[in-house]
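A short worksheet on the structure shown next.
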Amino acid sequence: MATPTTHNLAVDGRRLWDAIHETAAFGGTPKGGVRRLTLSDEDRQVRNWFRAACEALGCAVTVDDMGNMFARRPGRRDDLAPIAFGSHLDTQPTGGKFDGVLGVLAGLEVLRTLHDAGYETNAPLELVNWTNEEGSRFAPAMLASGVFAGAIAKETALNQTDREGATFGAELDRIGYRGDEPCGERAFSAFFELHIEQGPILQDEDKMVGVVEAVQGIRWYEITLIGQDAHSGATPMRLRRDALVGASRVVAAVDRIGRARPDCVGTVGLMEVKPNSRNVSPGEVFLTVDFRSPDDAKVAAMEADLIEAVAEITSDLGLDGAPVRIWDQPATIFDAACVAAVEAAAEAFGQGSRRMVSGAGHDAAYIARVAPTAMIFVPCKDGISHNEAESSTLEQCAAGAQVLLDAALRYDRK
Ligand code: HGY
Ligand code: MN
Ligand code: MN
Ligand code: MN
């Protein structure tokens, strides 16, 4: 039986719901989704909104040189490393209103609830917005939390370019969010991330809270297949070196490899065909591969299968090209004491919970390298995410914020 909460604080679900819908306007799409790519003008708008909302509570907001934002609420023992919580405000190109945003705005709701009650914590609190969690515009994902955790070199990150050739550092300057503080020079006593599950398990089992104890491993690859541009009418099939035919076989191979072992997934999400003309057999295709599994050995086995499959395809079709691995985030196991605080808070909340592994990647997976960390999931409708139809409910968002509040306060008393 969970220890009941020792505070009588309750978050304001309606205020959280209104904040989610107010910020969804920054990059809102006609279909009800959000397009707020990292370091875009829309990202600048939501960052400015977030800074003002935190400063209105008396929080000091600082920005590091990767654009990560930290809103600090003092505690009785300001000498202690803060208990931190947060997530990300950037979205996929056709993202939803909740992925990442819920974790940041629920953290804001926690600060608002404590502020209204004049509740003083023992340790300071810090609410975090991590830059470029999605990795859609600048690869890889979780770029700035990866630099913070020492897993990605800052110069490498700052020099990453998007598909239009803009660099991360230049875009950070353009929106005015390259701070002075060197990224990674800040310590946390713990970090909690609330996030929608982005899968169907909690809804299927009619449980309100996911107690996340691990995040599956991820590897990303880029493949550029080179053949020869050729006339679609005058070039006999036997003389072609068609990079798109090759790419289509790679897509089928990635799907086969993703299905070949249990608890694995494989995805080709991005493809660019050159010259992309109706009557040219394409001579060049760029594509990406995303492999994931809770078992790192299976991710490595999928990589070996991919290398072999691409070699066969290029040899058969007379193409050049091979997979280049651009990202490797091993599976992450969260801190037992943080997971226990989440589980106790979920049980005290009393609407069902279950331990689970995250299918999606999260900033928490990197922060777990430098601080005790755990995650909280709440359901999203039919598990749909990275989709403009992504949705959740006021009740589910409020539940997540309440469990986040309680887990942080339990950890504060630890
Ligand atoms: O890729 C991911 O899992 C995260 O949503 N960026
Ligand atoms: Mn996310
Ligand atoms: Mn996402
Ligand atoms: Mn995430």
Side-chain angles (χ1 to χ4, degrees), residues 20 23-24 27 33-40 43 46 68 85-107 128-147 149 151-152 157 160 191-199 210 212 214-222 258 263-270 288-294 299 326-332 356-368 373 375-380 383-392 397 400 404:
I20 288 170
T23 53
V34 182
R35 175 186 176 84
R36 191 163 60 231
L37 297 183
T38 196
L39 307 185
S40 62
D43 189 14
V46 79
N68 297 314
F85 38 83
S87 190
H88 61 94
L89 293 171
D90 65 313
T91 74
Q92 286 285 330
T94 51
K97 297 187 183 75
F98 300 91
D99 174 0
V101 184
L102 173 62
V104 177
L105 298 185
V128 189
N129 167 34
W130 298 108
T131 306
N132 191 43
E133 189 277 349
E134 290 295 357
S136 175
R137 183 180 180 195
F138 296 101
M142 298 104 200
L143 188 61
S145 54
V147 171
I152 300 175
Q160 290 299 89
F191 177 73
F192 294 95
E193 182 170 1
L194 166 66
H195 207 287
I196 51 170
E197 178 197 337
Q198 300 179 295
V212 186
V215 178
Q216 64 178 346
I218 307 174
R219 283 188 187 178
W220 279 8
Y221 307 83
E222 292 180 345
D263 301 326
C264 292
V265 287
T267 312
V268 173
L270 188 159
T288 63
V289 179
D290 175 325
F291 280 149
R292 306 195 192 196
S293 172
V299 177
I326 64 158
W327 186 35
D328 178 3
Q329 187 185 55
T332 301
M356 57 200 301
V357 176
S358 176
H362 299 286
D363 296 305
Y366 272 136
I367 306 310
T373 297
M375 288 190 74
I376 305 161
F377 276 172
V378 290
C380 57
I384 293 172
S385 183
H386 283 195
N387 183 314
E388 291 173 286
E390 177 186 279
S391 78
S392 183
C397 293
L404 176 65

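Positions are given from 1, in the same order as the sequence printed here. Numbering of ligands and ligand atoms starts at 1, following listing order.
- The residue His88 has no part lying near ligand 1, judged by heavy-atom distances below 4.0 Å.
- If you number the atoms of ligand 1 from 1 as listed, the ones under 4.0 Å from a heavy atom of Ala360 come out as 3 (O).
- Taking the Mn ion (ligand 2) as the corner point, the angle from His195 atom NE2 to Asp99 atom OD1 is about 90° (rounded to 10 degrees).
- In the model, Thr94 has no side-chain atom that pairs as donor or acceptor with a side-chain atom of Glu388 under 3.5 Å.
- Near His386, meaning under 4.0 Å from one of its heavy atoms, ligand 1 places the atoms 5 (O).
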Worked verdict on Leu39 versus Thr131 for side chain to side chain contact (heavy atoms under 4.5 Å, CB included): CA-CA 8 Å; Leu39 307 185; Thr131 306; 3.9 Å; yes
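- Backbone and side-chain nitrogen or oxygen atoms of Glu134 are examined, and one is located within less than 3.5 angstrom of a nitrogen or oxygen of ligand 1.
- Around atom 2 (C) of ligand 1, the closest heavy atom drawn from Arg292, His195, Glu133, Gln216 belongs to Arg292.
- Contact check for His195 versus Asp99: side-chain heavy atoms found under the 4.5 Å cut-off.
- Residue contacts with ligand 1: His362 is excluded, as none of its non-hydrogen atoms falls under 4.0 Å.
- The nearest N/O/S atom of His88 to the Mn ion (ligand 2) is NE2.
- Residue contacts with ligand 1: Gly361 is placed with a nitrogen or oxygen under 3.5 Å of a nitrogen or oxygen of the ligand (distance criterion only).
- Atom CZ of Arg36 and atom OG1 of Thr23 lie 5.5 Å apart (nearest 0.5 Å).
- A salt bridge links Arg219 to Asp328: at least one charged side-chain nitrogen sits closer than 4.0 Å to a carboxylate oxygen.
- No side-chain donor from either of His88 and Asp363 sits under 3.5 Å from a side-chain acceptor of the other.
- Classification of the Trp327-Trp220 ring pair by plane angle, with boundaries at 30° and 60°, yields perpendicular.
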